[in-house]
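The structure appears below as structure tokens.
Starting from 1, each residue takes its place in the sequence as its number.
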Amino acid sequence: MHRTNLIFIYVLIPLLFSSCDYEEGRIKDLKGKWRFSIGDNKEWAKPDYDDSKWDKIEVPSFWESKGYEGYNGYAWYRTSFHIANKYKQSGLYLQLGRIDDVDEVYLNGVLIGSKGSFPPHFSSAYDQDRRYFIPKNLLKFGGTNVVAVRVYDHQESGGIVNNNIGIYTKALVPIDMELSGLWKFRTGDSLAWKEVNYTDSAWKSINVPGYYEEQGYAGYDGFSWYRRKFDVREDLRGKKLVVVLGKIDDIDQVYINGQLIGGLGVFYSSKDSIETFTYYNEYRSYYIPDDIVLNEKNNVLAVRVYDSGEKGGIYTGYIGLISQENYVRYWENRKKEKKW
């Protein structure tokens, strides 16, 4: 296909970010002694579970070097932290370095992310960075918060093994409603999956943003879909809104309540005719058209993705809803700061 034919078929062209993904600042250092137990019990994710009789282990480190030489299998880590009220308006995420091999991470008893696949469909993510968005509604500002990490090590060394362990802020586009975190996901392709009434309860939950190959779909190329339900806060109802979806590898179509609002790239009926170019490196932002009426509750955001090779999915950047007013103001301020 000639580049002159690459005219987007959507009325709403993506608004593209040009800033970096994160400007990191650690506000809570979580390196040090964590509670640790080999074995596996989902009760250990609960914040009120009594772990006082568990061993203590240095994080980060391989557990083999801390008295568990030769152990392969399941283990759990637990720690607690306090977060000040002044961070209520900040974007926060949990950085856990690398984990060998597979993990699930719980904050106050709620799963906030995972990488790799546990047995019986084991897939290692030992070389992948763990960075999980923290939903503000899960945090107890001024109180005690509990992180529990379920780990499976297949062979050789295992555990939470790398530095940069802590709670970090990220430079915020002033998103009014964060939608990072766990989304419903499945491979394949059907336009029925955009519909509000479609039942996605059997779909797997994966962390967004993050490559899906790092979350149990190693080696998969082709079509996939993401779905996320959301409510609209009272202060956002009736406002013009923008959907922000970070970077997507490779091309996408985005639907709200079954209606197409935008996309980058052109889908054809044949995989052989799909051109992806360098769209994987472009940020996605889409205005929600005035004729789409958002409900107070249970709106559905559905994202159709095609990946032509290597890694794929909604993989980095800011994810959420922002008012058009705040969106424009943000970029006007950015231009002034950089003297564009």
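- Between the Arg78 side chain and the Trp44 main chain, a donor and an acceptor come within less than 3.5 Å of each other.
- Using a distance-only test at 3.5 Å, with no hydrogens or angles considered, no donor-acceptor pair links the side chain of Arg130 to the main chain of Leu94.
- Here Tyr87 pairs with nothing under the ring pair (Phe, Tyr, Trp, His ring centres under 6.0 Å) rule; sequence neighbours left out.
- For the salt bridge (Lys or Arg N to Asp or Glu O under 4.0 Å) test, no residue two or more places apart in sequence or in another chain qualifies with Lys239.
- Remark: the backbone N or O of Val254 is not paired with any side-chain donor or acceptor of Arg284 at under 3.5 angstrom.
- A donor-acceptor pair under 3.5 Å links the side-chain atoms of Arg228 to the main chain of Leu179, judged by distance alone.
- Under the 3.5 Å distance criterion, the side-chain polar atoms of Asp200 are left unmatched by any main-chain donor or acceptor of Lys184.
- Put simply, the side chain of Asn145 gets close to the backbone of Lys140: a donor and an acceptor are under 3.5 Å apart.
- Counting heavy atoms of neighbouring residues, nucleotides and ligands inside a 6.0 Å radius, atom NZ of Lys46 does not exceed 12 of them.
- With no hydrogens or angles considered, no side-chain donor-acceptor pair links Tyr217 and Asp307 at under 3.5 Å.
- Under the rule for a ring pair (Phe, Tyr, Trp, His ring centres under 6.0 Å), the partners of Tyr211 that lie at least two apart in sequence or sit in another chain are Tyr315.
- Side-chain N or O atoms of Asn257 include one that pairs as donor or acceptor with a backbone N or O of Val300 at under 3.5 Å.
- Side chains of Val147 and Trp34 form a contact here, defined as non-hydrogen atoms less than 4.5 Å apart.
- Using modelled atom types, one side-chain atom of Asn108 and one backbone atom of Val146 make a donor-acceptor pair closer than 3.5 Å.
- Sorted by first then second residue, the salt bridge (charged side-chain N to carboxylate O under 4.0 Å, His left out) pairs that include residues 202-215, not counting sequence neighbours, are Lys115-Glu214, Glu214-Lys311.
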Step-by-step side chain to side chain donor-acceptor pair (under 3.5 Å) determination, Gln155 to Asp101: CA-CA 9 Å; Gln155 61 183 3; Asp101 286 285; over 6 Å; no

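- Here the side chain of Thr199 pairs no donor or acceptor atom with the backbone of Ser201 at under 3.5 angstrom.
- Judged purely by atom type and a 3.5 angstrom limit, Tyr226 has no side-chain atom pairing as donor or acceptor with the backbone of Trp183.
- Heavy-atom minimum distance, Gly73 versus Trp63: O-CH2, 3.8 Å.
- No close placement of the Trp225 and Trp203 rings is indicated, their centers lying 6.0 Å or farther apart.
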Acceptor/donor pairs from residues 55-62 side chains to any protein atom, 3.5 angstrom cut, sequence neighbours excluded:
from  : atom 1 : to    : atom 2 : distance (Å)
Asp55 : OD2    : Tyr68 : OH     : 2.9
Ser61 : OG     : Glu58 : O      : 2.5

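- Taking Ile, Leu, Val, Met, Phe, Trp and Tyr as members and joining any whose side-chain heavy atoms lie under 4.5 Å apart, directly or through other members, Phe133 forms no hydrophobic cluster with any other residue.
- Put simply, the residue from Phe223, Tyr280, Tyr220 that forms a ring pair (Phe, Tyr, Trp, His ring centres under 6.0 Å) with Tyr306 is Phe223.
- In this model, no donor atom of one side chain and acceptor atom of the other lie less than 3.5 Å apart for Ser323 and Glu325.
- The side-chain tip of Arg150 points at the ring of Phe118 from less than 6.0 angstrom away and within 45° of straight on.
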